[in-house]
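Here is the structure we will look at, set down as structure tokens.
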Amino acid sequence: MTDIFYQAHRGSTEEAPENTLAAFRHAWRFPGAVPETDVRTTRDGVLICLHDATLARTTNAPAGLREQPVAELSWAEVQQWEARNGFGAEFADQGVPALNDLLAEMVRSDERKLYLELKDVRLERLRSVVDDYGIAERLLFVAASPQVLMAAQTHFPGAPTMAWLGGNAAQIQQNFERLAQTNFAGISHLQLHLRVQTLKPVLTWELDDQFLSYAAERLRQVGAVLQLRPFALEATAMAHLLALGVRWYVTDAPEQFSKLLATAVAQK
């Protein structure tokens, strides 16, 4: 399974509170897991790990503060609140981490890699922070826009970059062809969302095998790879995707995915 990798979305959203150090540590426990975080900037220039523009959904910040954009808050105002987002008391010590804190965790092992989704951050500032830890070659950059990814590569030459395509099958196929016309400029990983078509008697997705095989080959021709985000998954369906040659995935539950992957590999 050493050649199979999976993005642990926000560290985890199902097994630990998202975008917390607990979630990232949890994801790094599993071979092949690469946690992903979202990078934003506070008013005083601290880079933080937070998906939303505000603290409202994921923290216990009080009214009057929770709806205010974190770009307008200081790091002191952000870091004092719990970020356990509905998880139990064992996560009461978890808050919104600074990116520095996450990178300090990352350097504990040479095997650790990390996705950074560029939400609200100046690339010059990000490069400065990353250089303090010497791990630039272990980062993968994420953005919806290929133009943002190309800008990231000017500051991190050669870095892997990931964009994604969502929506229904027709929308994904149309947007895939649009990117193909550019030879997937700026993109080295392209994530496709796999929406469920049937759950029984077998799990199938709206994107069929023919398109997935075509997409993987078309990306391979330009040195890029296909990444899949299945919105439902079980071992037999996982084994089927592996048989198609897909080696990169996305999950909200890295422990569950690790167990399912082991079962699927045994079925091959």
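The basis for the numbers below is simple: all heavy atoms, side chains too, and nothing from hydrogens, waters or symmetry mates.
Partners of Thr42 under the side chain to side chain donor-acceptor pair (under 3.5 Å) rule, at least two apart in sequence or in another chain, are Asp44. Arg218 meets the salt bridge (charged side-chain N to carboxylate O under 4.0 Å, His left out) test with no other residue; sequence neighbours excluded. Contacts of His189 classified as ring-ring contact (aromatic ring centres under 6.0 Å, His included), with partners at least two apart in sequence or in another chain: Trp248. By the salt bridge (charged side-chain N to carboxylate O under 4.0 Å, His left out) test, Arg57 pairs with Glu18, Asp52, sequence neighbours left out. Residues satisfying the ring-ring contact (aromatic ring centres under 6.0 Å, His included) criterion with Tyr115, sequence neighbours excluded, are absent altogether. Under the side chain to side chain contact (heavy atoms under 4.5 Å, CB included) criterion, Gln153 pairs with Thr161, sequence neighbours left out. Applying the side chain to side chain contact (heavy atoms under 4.5 Å, CB included) rule to Val107 yields the partners Tyr133, Ile135; only residues at least two apart in sequence or on another chain are considered. Residues satisfying the side chain to side chain contact (heavy atoms under 4.5 Å, CB included) test with Ala235, not counting sequence neighbours, are Thr263, Gln267.
Among pairs with a residue in residues 128-140, those fulfilling salt bridge (charged side-chain N to carboxylate O under 4.0 Å, His left out) read Arg127-Asp131, at least two apart in sequence or across chains. Counting only residues at least two apart or on different chains, the salt bridge (charged side-chain N to carboxylate O under 4.0 Å, His left out) pairs with a member in residues 182-209 are Arg195-Glu206. Screening residues 62-72 for side-chain hydrogen bond (donor to acceptor under 3.5 Å, both in side chains) gives no qualifying pairs among residues at least two apart or on separate chains.
We find that Glu105 and Arg25 are joined by a salt bridge, their nearest charged nitrogen and carboxylate oxygen being less than 4.0 Å apart.
Classification of the Phe211-Phe176 ring pair by plane angle, with boundaries at 30° and 60°, yields perpendicular. Relative ring orientation between Trp28 and Phe24 is described as tilted, the plane-to-plane angle lying within the 30° to 60° band.
Between the side chain of Glu36 and the backbone N or O of Arg10 there is at least one donor-acceptor pair closer than 3.5 Å. For Arg247 (side chain) and Leu242 (main-chain N/O), a donor-acceptor pair under 3.5 Å exists by modelled atom type. Panel note: side chain Glu15, backbone Gln256; a donor-acceptor pair is recorded below 3.5 Å.
When only modelled atom types and interatomic distance are considered, Ser258 and Glu255 share no side-chain donor-acceptor pair under 3.5 Å. Checking Asn19 against His51 by side-chain atom types alone, no donor-acceptor pair falls below 3.5 Å. A donor-acceptor contact under 3.5 angstrom links the side chains of Gln147 and Ser145, judged on distance only.
Under the 4.5 Å side-chain heavy-atom criterion for Ile, Leu, Val, Met, Phe, Trp and Tyr, Leu102 and Leu47 are members of the same hydrophobic cluster. One hydrophobic cluster, built from ILVMFWY side chains closer than 4.5 Å, cannot hold both Val250 and Leu194; they sit in different ones. Grouping the Ile, Leu, Val, Met, Phe, Trp and Tyr side chains by contacts below 4.5 angstrom, directly or via other members, places Ile187 with Val222.
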Using side-chain contact (heavy atoms from CB on, under 4.5 Å), reason through Met238 and Leu233 one step at a time and then give a plain yes or no.
CA-CA 7 Å; Met238 177 85 252; Leu233 197 56; 3.7 Å; yes
Extract all donor-acceptor atom pairs below 3.5 Å that involve side chains of residues 90-98 and protein atoms in other chains or at least two apart in sequence.
unit_1	atom_1	unit_2	atom_2	d
Gln94	OE1	Leu21	N	3.3
Gln94	OE1	Ala22	N	3.0

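Side-chain contact between Thr182 and Pro146 is absent, with no heavy-atom pair separated by less than 4.5 Å. Side-chain atoms of Leu99 and Leu126, non-hydrogen and from C-beta on, do get closer than 4.5 Å to each other.
Ring to ring, Phe156 and Phe141 are close: their centroids are under 6.0 angstrom apart.
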